[in-house]
Amino acid sequence: MGLPIWTPNIILLKLAAQETLSRKIKLLATQFFLKHIAYGAHSPLYRNDGTSSVKLTNKDSSALEQIFSAFNVDINHIIKFPITLDCLNIKCKIHLHSFLFQDKSLPKTTIESLFEDTIRTHFSNFFLIATDASKSQQITSIAGTSSTNSFAYRLQHLNTIFSAEALALCQALDELPNDENNLLLLTDSLSMLQALANLSIKSNKIILRLAAKIVTRKKFHQNIVLLWTPGHAGIKWNEKADNLARRVSESDLNIQWVTVEDIITQLKAHSENQTDATYRGSKYYATLGDIPSIQTIAPWLKNRREDIIIARIISRMIVTPALLLRFGLNDNPLCSMCKCDNSIEHILLYCRKYSLIRQSLCHCLHINLDSISMFKSFLSIICSSQHAIRALFSLLKFFDICCFFLPVLFLTHMVSCRRKL
């Protein structure tokens, strides 16, 4: 990240959006074990009879149980890789952009009319099934509907909308078809259908499960076609499935299935939250405030030099006379004009030498000079948008910060030489 070796570890971890090495090792080990649970019979962790060939230590077993308990997940409800590999030979038609109505830029009335024409022309002898999924802050739900029946269920909230859309199709294949030979499945999840069209052994387990269900139906000589329909475009089949999914409440039947990919995503989010909590509990939070990770603002920066400069400004580790004094590399930390510590806060916010430049920066950002009297307020404004960061870099050369930044590598080398001596 280009930060000096004396940067506090807590700030380093926060800027890099990383966790401590010990926690990262535990997370990677947990991810490895969860993935092999999902592979089921195809994993070397299990024997041919389905029993475990690896026994976890009491400590690891307890840690895994705590994870499942925290996420309210049962190990038996993890969606596993299909027992046979027939699912990889799926041979059903998937229409993503084959018809005129599959253009979301068209008016709703046009899409609805073109859809009805497409059904009459190409799928008049098909049994139609529409599915949809919904995810709010409290509830994740799925629904499916046909001309004869419907269903709506609540899911584990851990599931993403992608997994929920695939689960809705799986449930529809289980519940809605009768003895029809031609099935037309309607869904507005383009990403899910794209994943199914590009199936491989590394695909998401719920996609492999859906493929396995389709292959099973094909063995019974059923012709299955999947059709993408633009969401919220007035198509009555989609609207009906969407309304059913949105009306699901806490009292509705709950399906416990969950994908291992969604569990791992939640584990990573939990890990990031722990890093944030550690930083918020440190003494640096009072001065720096809610600093972002470099990854979030990297798209707004032009080159490696800007990466390093903004990281040093955010962490207050850009080289200034006041910072060099802390490490015995400078004898005069005072500003020649203001006669106070010449730190990064003083240079950017208070120094009289740069008052006109500071006013220009405030004018570019459309803010009042009094609103950035504290360094953490300044960081909050600068890191809030690409415009703010570009405005800072356009004027940064006039603050004489770069003259302190250029000898960084040389000073770091000096410190290293002193330690060796």
Problem set entry | Aromatic plane relationship, H346 with Y350 - under 30° parallel, 30 to 60° tilted, over 60° perpendicular |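 Rings of Y350 and H346: tilted, as their planes differ by 30° to 60°.
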Has [X] got a side-chain atom pairing as donor or acceptor with [Y]'s backbone, closer than 3.5 angstrom?
{"X": "H387", "Y": "C364", "answer": "yes"}
{"X": "Q102", "Y": "W228", "answer": "yes"}
{"X": "R352", "Y": "M337", "answer": "yes"}
{"X": "S394", "Y": "A391", "answer": "yes"}
{"X": "T278", "Y": "Q274", "answer": "yes"}
{"X": "S69", "Y": "E65", "answer": "no"}
{"X": "R209", "Y": "C170", "answer": "no"}
{"X": "N303", "Y": "R305", "answer": "yes"}
{"X": "S62", "Y": "K59", "answer": "no"}

Identify the heavy atoms of [X] and [Y] that sit nearest to each other, and give their distance.
{"X": "H42", "Y": "P82", "result": "NE2-O, 2.8 Å"}
{"X": "I142", "Y": "A164", "result": "CG2-O, 3.2 Å"}
{"X": "I111", "Y": "P230", "result": "CG2-CG, 4.3 Å"}
{"X": "T145", "Y": "L176", "result": "N-CD1, 3.7 Å"}
{"X": "N238", "Y": "G231", "result": "ND2-CA, 4.4 Å"}
{"X": "R390", "Y": "L301", "result": "NH1-CA, 4.0 Å"}

Exercise. Do T140 and N159 have side-chain atoms, one donor and one acceptor, less than 3.5 Å apart?
Worked result: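 No, no side-chain donor-acceptor pair sits under 3.5 Å.
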Exercise. What pairs with S189 under side chain to side chain contact (heavy atoms under 4.5 Å, CB included), at least two apart in sequence or on another chain?
Worked result: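 Partners of S189 by the side chain to side chain contact (heavy atoms under 4.5 Å, CB included) criterion, ordered by chain and then number, come out as E165, T187, S191, M192.
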Any non-hydrogen side-chain atom of [X] less than 4.5 Å from a side-chain atom of [Y]?
{"X": "F68", "Y": "L34", "result": "yes"}
{"X": "L226", "Y": "L169", "result": "yes"}
{"X": "T160", "Y": "E261", "result": "no"}
{"X": "F162", "Y": "I207", "result": "yes"}
{"X": "F81", "Y": "V260", "result": "no"}
{"X": "F115", "Y": "L227", "result": "yes"}
{"X": "D242", "Y": "H232", "result": "yes"}
{"X": "K135", "Y": "H157", "result": "yes"}

Approximate separation, where rounding is to 0.5 Å, of [X] [atom1] and [Y] [atom2]:
{"X": "R358", "Y": "L395", "atom1": "CZ", "atom2": "CG", "result": "11.5 Å"}
{"X": "L27", "Y": "S271", "atom1": "CG", "atom2": "OG", "result": "5.5 Å"}
{"X": "L361", "Y": "F378", "atom1": "CG", "atom2": "CZ", "result": "6.0 Å"}
{"X": "I389", "Y": "E306", "atom1": "CD1", "atom2": "CD", "result": "9.0 Å"}
{"X": "L28", "Y": "L267", "atom1": "CG", "atom2": "CG", "result": "11.0 Å"}
{"X": "I347", "Y": "Y354", "atom1": "CD1", "atom2": "OH", "result": "5.5 Å"}

Taking salt bridge (Lys or Arg N to Asp or Glu O under 4.0 Å) as the definition, give me every residue that meets it alongside [X], ordered by chain and number, with sequence neighbours left out.
{"X": "R247", "result": "none"}
{"X": "K213", "result": "D174"}
{"X": "D276", "result": "K14"}

For this session: Scan for salt bridge (charged side-chain N to carboxylate O under 4.0 Å, His left out) pairs involving residues 150-162, sequence neighbours excluded, and state none if there are none.
Result: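 Output for this query lists R154-E250.
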Exercise. Could you go step by step and tell me if Y279 and L13 meet the side-chain contact (heavy atoms from CB on, under 4.5 Å) rule?
Worked result: CA-CA 8 Å; Y279 168 72; L13 293 172; over 6 Å; no
Exercise. Given I297 and I314, is the side-chain contact (heavy atoms from CB on, under 4.5 Å) satisfied, shown in steps?
Worked result: CA-CA 12 Å; I297 59 177; I314 290 174; 3.9 Å; yes
What side-chain donor-acceptor pairs closer than 3.5 Å can you find for residues 194-205, not counting sequence neighbours?
| residue | atom | partner | partner atom | Å |
| --- | --- | --- | --- | --- |
| N198 | ND2 | Q194 | O | 2.7 |
| S200 | OG | K202 | N | 3.2 |
| S203 | OG | S200 | N | 2.9 |
| S203 | OG | S200 | O | 3.0 |
| N204 | OD1 | I206 | N | 3.1 |

Problem set entry | V215 vs N89, side-chain contact (heavy atoms from CB on, under 4.5 Å): CA-CA, chis, key distance, verdict | CA-CA 8 Å; V215 169; N89 300 319; 5.9 Å; no
For this session: Taking atom NZ of K218 as the centre, report whether more than 12 heavy atoms of other residues, nucleotides or ligands fall under 6.0 Å from it.
Result: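 Yes, enclosed.
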For this session: Start with the C-alpha distance between D290 and R280, add both sets of side-chain angles, then the distance that settles side-chain contact (heavy atoms from CB on, under 4.5 Å), and finish with yes or no.
Result: CA-CA 8 Å; D290 284 314; R280 286 174 177 271; 2.8 Å; yes
